[in-house]
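Beneath this line is the structure, given in structure tokens, with notes to follow.
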Amino acid sequence: MRAAPTILHLDMDAFFAAAEQAAKPSLRGKPVVVGGLGPRGVVATASYEARRFGVHSAMPMGQARRLAPNAAYLVPRFAFYRSISEQVMELLGGLSPLVEPLSLDEAFVDLEAGGVAEDSAGARAAGERLRVDILATTGLTGSVGLAGSKMIAKIASEEAKPDGLVLIEPGTERELLGPRSVRILPGVGPATGEHLRRAGMTTVSDLAEAGEDELVRLLGRAHGASLHQMAQGYDDRPVVAERDAKSVSVEDTFDVDLHDRVRIRVEVERLAERCVGRLRASGHSGRTIVLKVRRFDFSTLTRSETLRGPTDDPGVVREAARRLLEAVDTTGGVRLLGVGVSGLADYTQEDLFAQATRAEAEAAEAGDAAGAVAGEAGDASVPAAVAAAEPEAEQPAERRWTPGHDVRHAVYGAGWVQGSGVGRVTVRFEEPGSKPGRVRTFSVDDPDLVPGEALPLVGRT
């Protein structure tokens, strides 16, 4: 714990939704919901206007549509959000060498390590300057919390929302936390909160008064002792500049349960390729391949295989994922599939045995395909099923026009997709800094309409 509030926590306000409102003048001041738009999609972020209807993050999209039927529903544009995040993180890096990103829109900063603040006045000045710089650079707002520990700084930034700054003086933590719900403490989710409620503990002061022994009895040694420390306002975790990635993974939830075993295998192979792409982009290789399968009844199975050495070979990962799939019963249907790689390393030591096995398998597959073409005896339905499944993995023309994504027209210029269907796509033509634009409708295969690039939020008029 520090004697001065020199730990800063920044949380951008409704980040994804705010970025979309800034990019699309017609959506400013209106409810906007960003997330998966399919039947099983969930809300990633809701604007403050949408939150007034009860919409919040992690809510099923179907429920959000019932609560706010007139909101704008958009698919996330992660490359766009990442570019804004990089600008914000660069500003944080100018304050201190110790910046700990938690996500695209959230980070801790050690102001003392950067020499920009030694007391409350200096910390407040640094925080206010940061908010001004973020607005000028990105056109978006962020909320800042300042305190002597990470836990209290995060609580302070939550109280500062939206677009504010809250500084909590060291020494006042117990007074601040005492009357609050136990859910305000890190690590206390719905299950733990209910367990504590049944034990008669609903506020943080209840936890502090119960004592460490009682919390250890209820929650176990590690969790109980940690919770008792936090209930007294004590948190000595340092700001860590870099976090080592422990795994890389990708997953997809399907609008309709998959039953075709060949289609499921095709999806697993596609996920394996995407996973290796992320693995290579992070500069890592990995030893353990993990397959995740969520079945029709929401039961989730995880299977893993550890290789002899780390790899970033897409073929090796693909074959391992296929072997893992063979051990999973998918008879009733599959709603989610995921492929991951853990046991990460900064180098690659190819497993020659795995490569040889993969080469044999590929040769066998080639032989099977040739036999099918030549009319040899065998299960001719398998190649046909693969041929039928592969086009489904590609997006048809109508689905290229994703709600919220950027387009450009040869005559009308830059715009974004409001919706598409029945062979038509509706586009609103406007840019950041412009007035709300006009809406026009085109055929989905109009040669003058092409996908566009996200435009910067600041610097255009």
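Predicted, not measured: the structure shown is a model, and the values here were computed from it.
The two residues Asp257 and Arg335 make their nearest non-hydrogen contact at OD1-CB, 3.4 Å. Across every non-hydrogen atom of Ile168 and Leu176, the tightest pair is CD1-CD2, 3.4 Å. A pairwise comparison of heavy atoms in Ala320 and Ile289 identifies CB-CG1, 3.7 Å as the closest pair. Across all their heavy atoms, Met201 and Leu218 have their closest contact at CE-CD1, 3.6 Å.
Asp11 and Ser143 share no side-chain donor-acceptor pair at under 3.5 Å. A side-chain donor from one of Ser299 and Asp297 sits under 3.5 Å from a side-chain acceptor of the other. A side-chain N or O of Gln21 and one of Glu49 form a donor-acceptor pair less than 3.5 Å apart. There is a side-chain donor-acceptor pair under 3.5 Å between Arg294 and Thr300.
The aromatic rings of Phe16 and Tyr81 lie parallel to each other, their planes meeting at an angle below 30°, with 60° marking the opposite boundary. Taking the six-membered ring for Trp and thresholds of 30 and 60 degrees, His9 and Phe108 have ring planes inclined between 30 and 60 degrees apart.
For an aromatic pair to be called close, the ring centres must be under 6.0 Å apart, and Phe296 with His259 fails this.
One finds no salt bridge joining Glu430 and Lys24 here, because no Lys/Arg side-chain nitrogen approaches an Asp/Glu carboxylate oxygen to under 4.0 Å. Note on Asp312 versus Arg280: salt bridge recorded, some NZ/NE/NH1/NH2 to OD/OE distance being below 4.0 Å. The pair Asp252-Arg270 meets the salt-bridge criterion, since a charged nitrogen lies less than 4.0 angstrom from a carboxylate oxygen.
Figure legend: cation-pi geometry between Arg51 and Tyr48, with NZ or CZ positioned under 6.0 Å from the six-membered ring centre and within 45° of its axis.
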